[in-house]
Amino acid sequence: MKYGFPYYGAWAEILAGWASTRRGDFNDGPRRLRNGLAALADLGAELRLPYYYALLADAYLLSSRQAEAFAALATGVSFLRKNGESWTTPMIERVQAKL
C-alpha cells in the first residue's frame, strides 16, 4: 500500500468484490471478497467481520452457491458472538432469511 493503510485496502477489496458480484461477476466478485477477508486475517483485524462475512454470503447466494453462503454466514455469526458486534445482526438476519 502506498500510504500504509492495509486495513482500508482490504476493506476496499471486500466492497469492490461485493459490488462486482451485484453487477453479475459471479467468479471474480466472490474471489475479491475472499482476498479482502484474507488480507484482514493477515493483519489480525476482526472489526466488522460479521458484516463482511454477510456480504460474502450474499455474494455466494447471488452466485447460486448456497453451501458456501451457509458457511460464510456461520463464520460471520461466530465473529458476531465472539466480538459482540450486534449492530451487524440485521444484515446477518436478512441474509439468513434469503437462505
Are Tyr51 and Leu37 in one and the same hydrophobic cluster, where Ile, Leu, Val, Met, Phe, Trp and Tyr link if side-chain heavy atoms are under 4.5 Å apart?
yes
Does Arg48 reach the side chain of Trp87, with side-chain heavy atoms less than 4.5 Å apart?
yes
Which residue pairs pass the salt bridge (Lys or Arg N to Asp or Glu O under 4.0 Å) test when at least one of the two sits in residues 61-73, sequence neighbours left out?
Arg65-Glu68
In chain order, what residues pass the side-chain hydrogen bond (donor to acceptor under 3.5 Å, both in side chains) check against Asp28, with sequence neighbours excluded?
Arg31
Side chain to side chain, Trp11 and Tyr52, heavy atoms closer than 4.5 Å:
yes
Do the side chains of Val95 and Ile14 join up, straight or via other hydrophobic residues, at under 4.5 Å, putting them in one cluster?
no
Considering residues at least two apart in sequence or located in another chain, which fulfil the side chain to side chain contact (heavy atoms under 4.5 Å, CB included) criterion with Ala45?
Tyr7, Leu40, Leu43
Do Trp18 and Met91 share a hydrophobic cluster, counting only Ile, Leu, Val, Met, Phe, Trp and Tyr and linking them when any side-chain heavy atoms are less than 4.5 Å apart?
yes
Report yes or no: do Leu47 and Leu15 belong to one cluster of Ile/Leu/Val/Met/Phe/Trp/Tyr joined by side chain heavy-atom distances under 4.5 Å?
yes
Hey, does Glu13 have a side-chain heavy atom less than 4.5 Å from the side chain of Leu33?
no
side-chain hydrogen bond (donor to acceptor under 3.5 Å, both in side chains) partners of Glu46, counting only residues at least two apart
Lys82, Asn83
Do Asp25 and Arg32 meet the salt-bridge criterion of a basic N to acidic O distance under 4.0 Å?
no
Over all atoms of both residues, closest heavy-atom pair of Leu99 and Gln66:
O-NE2, 4.0 Å
Using side chain to side chain contact (heavy atoms under 4.5 Å, CB included) as the criterion, list what pairs up with Phe26, not counting sequence neighbours.
Thr21, Leu62, Ser63
Distance-only donor-acceptor hits, side chain of residues 71-81, under 3.5 Å, sequence neighbours excluded:
| from | atom 1 | to | atom 2 | distance (Å) |
| --- | --- | --- | --- | --- |
| Thr75 | OG1 | Ala71 | O | 3.1 |
| Ser78 | OG | Ala74 | O | 3.1 |

Same cluster or not: are Ile92 and Leu55 linked, directly or through other Ile, Leu, Val, Met, Phe, Trp or Tyr residues, by side-chain heavy atoms under 4.5 angstrom apart?
no
Can you name the closest pair of heavy atoms from Leu49 and Glu85 and give their distance?
N-OE2, 4.0 Å
Interatomic spacing from CZ in Arg94 to OG1 in Thr88 - rounded to 0.5 Å:
12.5 Å
